[in-house]
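Reviewing the structure listed below.
Letters go in sequence order (proteins before strands), and every chain restarts at 1. Excluded from the calculations below are hydrogen atoms, water molecules and symmetry mates; all remaining heavy atoms, backbone and side chain alike, are included.
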Amino acid sequence: MAARLALSRSCALPASARKSSLVSCRRWSGNTADTVYDVVVSGGGMVGAAMACALGHDIHFHDKKILLLEAGPKKVLDKLPETYSNRVSSISPGSATLLSSFGAWDHICNMRYRAFRRMQVWDGCSEALIMFDKVNLDDMGYIVENDVVMHALTKQLEAVSDRVKVLYRSKAVGYSWPGPFSMADSSPWVHITLGDGSTLQTTLLIGADGHNSGVRQAAGIQNVSWNYDQSAVVATLHLSEATENNVAWQRFLPSGPIALLPLSDTLSSLVWSTSHDHAAQLVSMDEEEFVDAVNSAFWSDAHHTDFISSAGTMLQYAVALLKPTKVSARQLPPSVAKVDAKSRVLFPLGLGHAAEYVRPRVALIGDAAHRVHPLAGQGVNMGFGDISSLLHHLSTAAFNGKDLGKDSE
Amino acid sequence: MWGSRRLSSSGGHFLGVVGSGCRVGRAERPRLASWAVYSDSQLIWTLQNKPWIFSEHRTVCFKSCRMTFSSLNRIKSYWPPLTRPYNAAHTTVDSSEVKTFLALAHKWWDEEGVYAPLHSMNDLRVPFIRDNLLKTMANHHPGKPLSGMKILDVGCGGGLLTEPLGRLGASVFGIDPVDENIKTAQHHKAFDPVLDKRIEYKVCSLEEIAEETEDTFDAVIASEVVEHVADLETFIQCCCRVLKHGGSLFITTINKTQLSYVLGIVFSEQIAGIVPKGTHTWEKFISPEKLESILESNGLLVQTVAGMIYNPFSGHWHWSENTSLNYAAHAVKSMAADHLGPADFVSKEETEAPQAEASTISQVHEELKE
C-alpha cells in the first residue's frame, strides 16, 4: 500500500511521468474505510467553488455527498474593504443567472458590482470601431471583483454544509482511476490522495484546478497550449471627474489591447495586455508616468497613418453604398487622473485547450479545460457555462438514479 | 443452445419453428420435440393466420404428449421434473434459461459488453418506474424521491435496474434464480456504502418469496423476465400476492409478433449479435393484449402500456406508440385482487374454451399448493 501511494504521488509530477501514471495507478484495491463521495471538485477558485455550490443547491443532490478541495486557506471577508481589488471579472448575464440560481448573486448585489450598458471597441491605427449595446440599453454585463464573487460563493457553500464539505489547505497529490472492466475486483471509484496522506474515493472527479491542472495531467488528457508573448497589467484607476461610467472601453494598440472597465462613478479597472518588457516597465514606472501612458494609449492617434485612414474611409463609402449602416461616432473614454498605489500587478498570458473535457469519472471545467486571453472577458464566463451544462447533465443523471461518473455523454 | 440448433436446421424446420411458435408458453419443455410431433400436421404458416389459433389444439395434444414423452426427447437439455409432484417452488423457473444466463453471469457490469442494451434501457425504465411511483406518493423527499418504498426486483440479474432504484432512495430486494448473478450483484453493490444498505439480494424464485410473505411490497418489477419464465400465470399470481393493495407491478418484455421474430430473434441474435444467441425463445414472448388479460384476471388493473424501440446504431432506447417489439406495462393491484380463488379459475374455463386445459392444470397447482 505504501509503495502504491508513493507511485501515485509521482503521478502528479512532470509530464514525462504522465504515461506511466496511467499504467501504474491501476491496481488499487482501495481502503474500504475511505469515505466514498459522490462528487469531488478539485480546486476552489471561482469556477470550482461555483460548481460545488451549484451541486449543493441542486434539488436532486440533496442526498449526495460533495467535497470541494482547495489548496489555499479560507478567505474570510468580514467587511468589504474601501479600496477595490485590482482583479475583476466581467460577468455576463448568463453567468449572473447561474449565480442567482443558487443565491450567490444576491450576496454580490448586497456587496458591490457595476453594470455596464455599452461597449466601445476601436482600433489604435485606424478609425475602425464597433459599438455594442443592447436594446433599451439593458445591462450588458457586470464588473465584479473576484474577491466579492468568492465571498458570495463561500457564503452559499456554508448554507449547504450538510451536503457539501469544503477542505481548505488540502491539495490533492495523487489521483488514480479504476482499471478497465476486466479487473472487476478492484474498486470502481477514483482514488484521491491528499497532501497529508489521507485518501478518499469518489464516483466523479471534477477538475477545476486552473490551467496547470493536476487532474488533467493525472487523467492523461492531452492539452494544446502555448504562452503568448504578452503579460497583462492590471490596476485600479481614479478618473478625473465622476461620470455615469457605464461603458466598457477597449482599444487595440499595436502592442496589444488596453481595456478600461467601470467599477464606480469615479473608479475604473485597467487591463492592459502588452509585451513582457513593456509590461515590466509599466509596473515599475512612477504613478504620474503611468497615468500619462494610460491616457495617451486611449487618446493618442500617433499610430494613425494617412494611408490606412484613406483606405478605411473609401471602404466605408463602398460598404455604405451597398448597405447603409448606422455610423457610430467615436467617443473618447474618460481621462485618468490617478492610479491606486500598489494596485499595479502583472501576470503572464497564455492559451490552453484540453483535447477532451470529459472522460469516464472525470470532467474538466474552467481554465483546466480552456484558458483564454482576457481581451474578451470570457474566461470565467466560459467556466460558468461549463458549470451550467455539466450541472444539467448531472442533475438529470441523479434523478435517474445513474452512477454519476458513467454519464460521460 | 436454441439458436445454434435453429441455424443448423433446414427450411422445413424453419417453418416448423415459426408455426409452433405460438401460445405454448406455459410449460417448460424442449420445443424441438414438438417439431417431431407436429411436422406431419403441416403448418404452412401464412401471414394471415393468427398463430394462436393453431396452437389451441397444440396445447391440448402437447400436454398429453408431454406426460408420456421420454422416448421422443432427443435433446440433451433440461428435463421437466415429471417424476415428482408439481412443486410450486419450481414452476416459474425455467432451468434451461438458468443455464443460458449462468454462462454470462460475469458480464453484467461491462457497459460495452453483451448487456449494453440493458444498461441503456435504464434510461427508459427507471424514469417509467420512478414517475409512476411518484404519482402514488403525496410528497417526496428531494434527492431521494423513492425513499420509503419497498421494491421487489424479480430476475434482477446483476442488479442493473436494482442499483438505480436504490440510488433513488428505495429499499430494494433483488431476487434471481441464478446463483452467480446474485454473487455479481452483491459484489458490485458492496463498493457503494449507500447502496449496500439499501439493497438486499437473494438467490431464490418468486414463488419462494410469495410463500413467505404477502402484501409486503409497494412495487414489483419484472423487467425482461416474463419472456423467460416457465409458467406465466403462476408468476403473475405470485407478483400479485406479494404486492400491497394499490401497489404497482412493472413489466417490460417483448411482444410476440412476426416483427419481433425477425428483428428480435433473427436479426438481434443471429445476425447482428446484439443479444447473445439463445437468450430468447419466440414462443415465450407475450403480446400486450394477452398480458393484460392475465393481469386483469389476477386483479391487477393495467394503467399504461408503452412501446419501446432500440436503435442498435446509437445504442439507445426510445419510447414509441408501436408495441410490436418491446413494451413496458404498469399495473396496479386493485382491492378486489384478494378475492380471486379457485372458483374464478373454473369460471374462466367456461368463457375461454381454448384455455381449458391450461386452466385445469393451474387449478391443479393451486390445489396442490393448498
query: With a cut-off of 6.0 Å (strictly less than), are more than 12 heavy atoms of other residues, nucleotides or ligands near NZ of A:K165?
result: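 Incorrect, the count does not exceed 12.
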message: Between B:L195 and chain A, with a heavy-atom cut-off of 4.5 Å, which part of the residue counts as in contact: side chain, backbone, both or neither?
response: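 For B:L195, no heavy atom lies under 4.5 Å from chain A.
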task: Look up atom CG in B:L124 and atom CG in A:N400, then write down how far apart they are to the nearest 0.5 Å.
output: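 So the CG of B:L124 and the CG of A:N400 are separated by 10.0 Å.
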field: Distance, nearest 0.5 Å, that separates CG of B:D192 from CG of A:D38
entry: 7.5 Å
message: Quick check for you: among A:H60, A:K65, A:H62, which has the greatest number of heavy-atom pairs under 4.5 Å with chain B?
response: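 The option with the most such pairs is A:H62.
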So which atom in [X] and which in [Y] form the shortest heavy-atom distance, rounded to 0.1 Å?
X	Y	result
A:A398	B:L168	O-CD2, 3.5 Å
A:D63	B:G143	CB-O, 3.7 Å
B:F191	A:W189	O-NE1, 2.9 Å
A:D403	B:R167	N-NH1, 3.3 Å

